[in-house]
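The structure under discussion appears below in the form of structure tokens.
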Amino acid sequence: MSSQPGGCRPPYRIRLETPADHDEVVRLTRQAFWNVHVPGCSEHYLVHRMRRHADVLPELALVLELDGRLVGSILYTRARLVDGQGREKPVLSFGPLSILPEFQRRGLGKALVAESFARAVALGHDVVVIFGNPANYVSLGFRSCLRHSIAVAPGVFPAALLVRELVPGALPRGDWLYRGSPVYEFDAAEADAFDTGFDPMPRLARPSQEEFFILSRARVTPDGA
């Protein structure tokens, strides 16, 4: 059993996801992301898609239980870095990272990420690259993609593209391009159609949506650019 983050009683447990958890993970992901980034959400449809995709690593699909209730989930995919010299570096990415709204801001998400890092290292992985809010991830050791010269296109360094070396020095120096899994690419209409199978929830405008809009389009630039 994992140690408890501050303020969480009774103890929590982090374990591998099982097929019996799949439907519940989809539901909790919907609740966790509803109205956060856009009115409604599509992250639960992404989780549904990930069940059938070869890039997803079941050995790093983890859930967190609190008092016997499933309240958190994290899923990982394979990704890669490539450079102009033909080098390729396998890396990991994760997302969605989901915690039920009533259990957020208690350290559970950080505990889930930390446990997943330990398991990833034990399995031989050494670098994680994600898209996320730096305010949520720099305390977990993530750094700007610019620090490692990782772009999504030549000279394009998104502010939300973050890098974590699980093993110090694991990422060779170079000018890298990030190539994530195609599982994250889908039409919003597909997600809307999938959502019709759930109980309706109001789609509301929230300040977090404008924050996401700004951050998802922001870039960091090299000195002198």
Side-chain angles (χ1 to χ4, degrees), residues 1-2 4-5 7-77 92-116 119 130-133 136-137 180-209 211-212 216:
M1 181 176 293
S2 304
Q4 302 174 60
C8 288
R9 300 292 188 273
Y12 68 86
R13 181 167 75 109
I14 296 173
R15 60 170 175 81
L16 282 173
E17 181 189 79
T18 71
D21 299 316
H22 286 183
D23 289 346
E24 187 61 29
V25 168
V26 169
R27 286 192 290 269
L28 84 85
T29 301
R30 184 175 186 249
Q31 290 179 262
F33 285 94
W34 196 259
N35 292 332
V36 173
H37 294 149
V38 295
C41 75
S42 60
E43 283 81 0
H44 57 312
Y45 176 62
L46 171 58
V47 169
H48 172 71
R49 281 172 52 87
M50 293 173 85
R51 303 299 180 204
R52 306 184 300 276
H53 203 280
D55 285 341
V56 177
L57 289 84
E59 63 270 26
L60 289 174
L62 304 179
V63 294
L64 186 148
E65 293 178 330
L66 185 63
D67 194 22
R69 180 184 178 188
L70 199 155
V71 303
S73 165
I74 190 169
L75 295 168
Y76 274 80
T77 59
L92 296 177
S93 189
F94 68 70
L97 167 63
S98 307
I99 302 291
L100 284 175
E102 60 266 39
F103 297 101
Q104 293 175 6
R105 306 301 176 187
R106 300 188 187 185
L108 294 174
K110 288 186 176 181
L112 197 47
V113 171
E115 177 68 18
S116 72
R119 296 188 184 217
I130 64 168
F131 284 93
N133 188 332
N136 295 332
Y137 290 106
S181 171
V183 73
Y184 293 103
E185 301 169 9
F186 55 87
D187 192 301
E190 299 175 31
D192 289 341
F194 179 73
D195 193 66
T196 61
F198 297 82
D199 291 338
M201 293 171 63
R203 295 174 180 252
L204 304 174
R206 300 290 191 205
S208 60
Q209 296 164 14
E211 179 183 354
F212 175 75
S216 63

Problem - Residues which pass salt bridge (charged side-chain N to carboxylate O under 4.0 Å, His left out) with D21, listed by chain and number, not counting sequence neighbours - result: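 With sequence neighbours excluded, D21 shows a salt bridge (charged side-chain N to carboxylate O under 4.0 Å, His left out) to R15, given in chain and number order.
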Handout entry: salt bridge (charged side-chain N to carboxylate O under 4.0 Å, His left out) involving E211 - partner list, sequence neighbours excluded
Key =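 E211: no salt bridge (charged side-chain N to carboxylate O under 4.0 Å, His left out) contacts found.
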Within-4.5 Å side-chain heavy-atom neighbours: [X] and [Y]:
{"X": "L57", "Y": "L92", "result": "yes"}
{"X": "R51", "Y": "L75", "result": "yes"}
{"X": "P96", "Y": "V47", "result": "yes"}
{"X": "L16", "Y": "R119", "result": "yes"}

Not counting sequence neighbours, which residues clear side-chain hydrogen bond (donor to acceptor under 3.5 Å, both in side chains) with [X]? List them please.
{"X": "R30", "result": "D195"}
{"X": "H22", "result": "E17"}
{"X": "S98", "result": "T29"}
{"X": "D55", "result": "S181"}

Practice task
May I ask you to decide if L204's main-chain N or O and W34's side chain share a donor-acceptor pair within less than 3.5 Å?
Solution key: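 Looks like no, no N/O pair under 3.5 Å.
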Practice task
Mark yes or no for whether Y184, through its side chain, and G95, through its backbone, hold a donor-acceptor pair below 3.5 Å.
Solution key: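 Checked: pair present.
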Using side-chain contact (heavy atoms from CB on, under 4.5 Å) as the criterion, list what pairs up with [X], not counting sequence neighbours.
{"X": "E185", "result": "P182"}
{"X": "P101", "result": "Q31, Q104"}
{"X": "V38", "result": "none"}
{"X": "E24", "result": "R27, L70"}

Exercise for the section: Can you label the angle between the F194 ring and the H44 ring as parallel, tilted or perpendicular, going by 30° and 60°? Expected result: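 F194 vs H44 ring planes: tilted.
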Problem - Qualifying residues under ring-ring contact (aromatic ring centres under 6.0 Å, His included), relative to F212, sequence neighbours excluded - result: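 For F212 the ring-ring contact (aromatic ring centres under 6.0 Å, His included) partners, ignoring immediate neighbours, are H37.
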